[in-house]
Amino acid sequence: MEYSVVNSELNDQGYCTRSISYRESRSVPYLETYKEKKWGIFYTTKYRWNYRTEYYRNWKEERICCNMYMKQNEKCVPICFHDCGHGDCVRPNTCSCHKGYQLMNSHNPVCVPICKHPCVHGRCTAPDVCSCNPGYRMNSDGFTCEPICNPNCDLKTAFCSEPNLCTCRKGYKKIDYTTCMPICSLPCNNGNCTAPDTCTCNQGYSLDLYNKFICNPICDKCVDGTCTAPGICTCVQGYSLNEEGYCKPVCSKSCHMGSCIAPETCMCHEGYGFLNDSTNVCEPICLKACVNGFCKHPNVCECHEGFQKTSEETSLHICIPHCNSPCEPYGECTAPDVCTCHAGYSLADNDEAIHFDEESVCKPICKEECVNGFCTSPNYCSCWSGYKHSDINNVCIPVCDPTCSLHSYCEAPNECICDEGYQLAIDNIEKNNMTYICEPICKEECINGFCNAPDECSCNIGYEKLNAIKSNVCKPICEPSCWSHSSCTAPNVCTCDEDYVLITNKENSSKCEPNCQPACPPNSICKIPGLCLCKEGYHSYYDNNSMNCEPICEFDCKNGICSSPNTCSCELGYINNKNGSCVAHCSIDCGNGTCTEPEVCSCNEGYVLTEESLTCEPYCKNNCTNGKCVAPDDCRCYDGFIKNGNDTDSICINACKDACNENGICLDDQGNCDCFFGWNGTACEEPTFCIVDILEGYKAYETLSIIKGQSHSKILTSETYPTCQQCLSEVNNQTTCFEFQDNIFGKQNYSAVCLVDAASMCYITHSPMKEIVKVSVAVGGVAVLIMITSIGVACYKFKKQKNK
């Protein structure tokens, strides 16, 4: 049965009609010859009408579901090659997903659940529900799956990178399934590797200062020796270990008033030295020679009898004569108990001696009378308490303590008087004494400054004079100068004007910005106090008397929204093109088409969407029979076929004459035929033999020479072998015939198949059957070759005898 679609889809319900071919039979009369026995061995040929059954093709129309539709509950429903899952098949190979699902961008789209966050090491099994892959468990965030290691990894040295796989951290190597040990590039000498390239020394050892992989033994007091083990010191040559564990040098001779500082080397104690050629006996040394005495201890002189040391530290090496009566300060003892007065002094008389008994037996001589003092040395007056020497030797002036400040003078002991234009300021100091300070007097108050001279103001640090007229007013200095809409209110302190606020950016740069209340909406700026304006690329609109700023897109954001100036945020299934607009996205290349909807290709003119690849392929109106459609209405013929014209709608026809009469195969577009067995000629139009099937009921069956056998095999199976329709009269005992069993209408029958020479004038036609001849196989493949050869010889003799 054959059919073809004769019209396109009738309606949206998916119904189409098709024309179906079916086989009908009819009886066709024909004139046949037969032989009738006349007498003896003679026959006469007679003619009679007979009928044969002829089959022909007829057509009828039938209503069916269109392509990509199937019948279900008496309706034609669309077909989706792949299950839509959580969706409905609304058009052929087009799914409409349920809420929470979307079409997967793949070659075969199906509805898959949507998860807001990508499922890490897992898959999205339901809307916003992630299921972990085997060997993983869900993290607290609900979408990240962490690998599970059993047993757990040692987190200090490793981490679980894959299910049941512990991976060492950097600087560690694996020692067992869950634990890693640190790696040191060099072995730790006297220690253990406790961290990457980090050695921890054993007890009693410390890390070398210059090599972090070497631990040296620790000895608390190993000087002049080598620490060979913790707490064990080995002294070098010339040293010995004492009871305290120190290495001390060895001197064979004892050091007198000195110390053994090196093997066989004495060093005198401080203040002692070697005298003559001695190397171990030290004697005291006085840096200054002892005058009227001798060196008893280092830098200590002992005086001879009648002499004594002075009280001066610099003269301890000098011994001076001692007088029982005091000669100082106006004379000196020049010999034991002998006083000599200085120039300008004289020995006192008896009465005067009594007055000077505790001081000196010598008294000074002053030629002029001392004012506010008394004579203490020749022609020198010493002042009374509260006075001091003036420029005149014999005159003393009062002393003020503390000293009178600038712009004042001392009137009497500790009594200061201020100069004109100044006034006294009293401050308390230590010991409750009073400090007298004279300050200048300014008639006008010094603002941000101080009075530094009568009626003259000086500015404080960070301030400067306002102007020459207001010399008593100082203004603050700001460097750099203050920003716009601000003023300098203190040194280097700027204060924003009213209705302005201080703003500091990320670069620590500050400025005064206008203040808007309420605050300006997003994507806007406060232009002046109380006035908000939208930024460039935004325009304003009001909602419930509230200003808002929304972005401006110069192009239409179809299938999306304008999220920022000239930038569209596309809906699911759409992406931005070069212009920023939203266009449909197809995960596959539409090829000769355009992606008009998400995952939907619209083909260009002359192209159609294929069901297999869902891509746009060229369309040919004539269906490109015997060829392939390579471009719209352009067929490329298969081998053995050529175009029947030069037009684009030309069809591919067989390149061989008469299509090899269906008795062969057209090899190429040059018209060369490869004939089937039993045919010859350039168009396979010449049969070499024909086959006739004789049933057991034929009256001449018993007169034929038939080759019989028990087993049979098929040797001729092609339906192209010629059959003989009117050659029964040509079959005789010279024709090669073969017997075989045939199952007709369920009943076993014996038939004979005979091969007749094609040179006879029998009517030859094609056999509609595929299995025609069955031959007994007695001698295998050789028998077949012999049989074919015998057929040719027998047919030749048969024809020759007939001509006679």
Side-chain angles (χ1 to χ4, degrees), residues 1-24 56-114 127 559 571-574 584-629 632-633 635 649 651:
M1 179 180 294
E2 297 182 1
Y3 71 93
S4 63
V5 177
V6 297
N7 63 338
S8 59
E9 186 175 329
L10 294 177
N11 49 45
D12 293 337
Q13 297 179 354
Y15 290 107
C16 289
T17 59
R18 67 176 178 182
S19 296
I20 302 175
S21 67
Y22 60 94
R23 192 179 184 186
E24 283 190 345
Y56 65 98
R57 180 179 298 175
N58 204 352
W59 299 86
K60 63 180 179 180
E61 288 190 353
E62 181 182 44
R63 189 184 187 194
I64 60 170
C65 291
C66 293
N67 189 26
M68 296 298 294
Y69 285 84
M70 67 177 182
K71 201 161 190 177
Q72 183 178 349
N73 296 330
E74 301 301 325
K75 293 182 179 180
C76 291
V77 296
I79 299 174
C80 291
F81 290 146
H82 296 273
D83 186 11
C84 290
H86 296 276
D88 301 317
C89 185
V90 294
R91 292 192 302 275
N93 281 334
T94 302
C95 296
S96 176
C97 297
H98 298 160
K99 184 177 181 181
Y101 293 83
Q102 66 178 1
L103 284 175
M104 180 176 64
N105 295 332
S106 65
H107 179 67
N108 299 309
V110 295
C111 292
V112 296
I114 303 172
N559 302 316
E571 298 174 354
L572 183 65
Y574 294 85
H585 172 66
C586 294
S587 57
I588 59 173
D589 185 9
C590 290
N592 297 304
T594 305
C595 186
T596 55
E597 296 182 26
E599 303 301 338
V600 176
C601 292
S602 294
C603 297
N604 298 337
E605 185 177 0
Y607 293 85
V608 293
L609 198 66
T610 61
E611 298 176 357
E612 296 79 9
S613 62
L614 296 179
T615 58
C616 295
E617 299 291 343
Y619 170 73
C620 295
K621 297 177 182 178
N622 55 21
N623 295 326
C624 259
T625 304
N626 301 321
K628 181 180 179 181
C629 189
D633 290 328
C635 291
D649 58 351
I651 62 174

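Values below: every heavy atom of this structure, side chains too, minus hydrogens, waters and symmetry copies. When a residue number appears, it is its place in the shown sequence, counting from 1.
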His86 and His98 aromatic ring geometry - parallel, tilted or perpendicular at 30°/60° bounds
perpendicular
Just jot down the side-chain contact (heavy atoms from CB on, under 4.5 Å) partners of Glu24, sequence neighbours excluded, or say none.
Tyr22, Tyr56, Asn58
Exercise: identify the closest heavy-atom pair between Tyr15 and Cys76
CE2-SG, 3.2 Å
Atom pair SG/NZ of Cys65 and Lys75 - distance to nearest 0.5 Å:
12.0 Å
Heavy-atom closest contact (Tyr619 atom, Val608 atom, distance):
CB-CG1, 3.9 Å
Thiol sulfurs of Cys635 and Cys620 closer than 2.5 Å:
no
For Asn592, is there any backbone N or O sitting under 3.5 Å from a side-chain donor or acceptor partner on Asn604?
yes
Assess whether disulfide bond (SG atoms under 2.5 Å apart) is satisfied between Cys84 and Cys89, documenting all intermediate values.
CA-CA 7 Å; Cys84 290; Cys89 185; 4.8 Å; no
Where is the tightest heavy-atom contact between Pro127 and Pro113, given as atom of each residue plus distance?
N-CB, 3.7 Å
Rounded distance (nearest 0.5 Å) linking atom CD of Glu599 with atom SG of Cys95:
11.5 Å
Hey, are the side chains of Cys111 and Leu103 touching, using non-hydrogen atoms and a 4.5 Å cut-off?
yes
Checking Cys590 against Cys601 for the disulfide bond (SG atoms under 2.5 Å apart) test, could you report, in this order, the C-alpha distance in whole Å, the side-chain angles of both residues, the deciding distance, and whether it holds?
CA-CA 6 Å; Cys590 290; Cys601 292; 2.0 Å; yes
For Pro92 against Met68, the heavy-atom pair lying closest together:
CB-CB, 3.5 Å
Could you tell me whether a side-chain N or O of Gln102 sits under 3.5 Å from a main-chain N or O of Cys97, the two making a donor and an acceptor?
no
The reported gap from SG in Cys603 to CD in Glu617 (rounded to nearest 0.5 angstrom) is 8.5 Å
For Ser96 and Val90 the tightest heavy-atom approach is CB-CG1, 3.7 Å
Between Tyr574 and Asn559, what is the shortest heavy-atom contact and its length?
CE2-ND2, 3.2 Å
Straight-line distance of Leu572 CG to His585 NE2, nearest 0.5 Å:
10.0 Å
Within the structure provided, determine whether Leu609 and Cys616 are in side-chain contact (heavy-atom separation under 4.5 Å).
yes
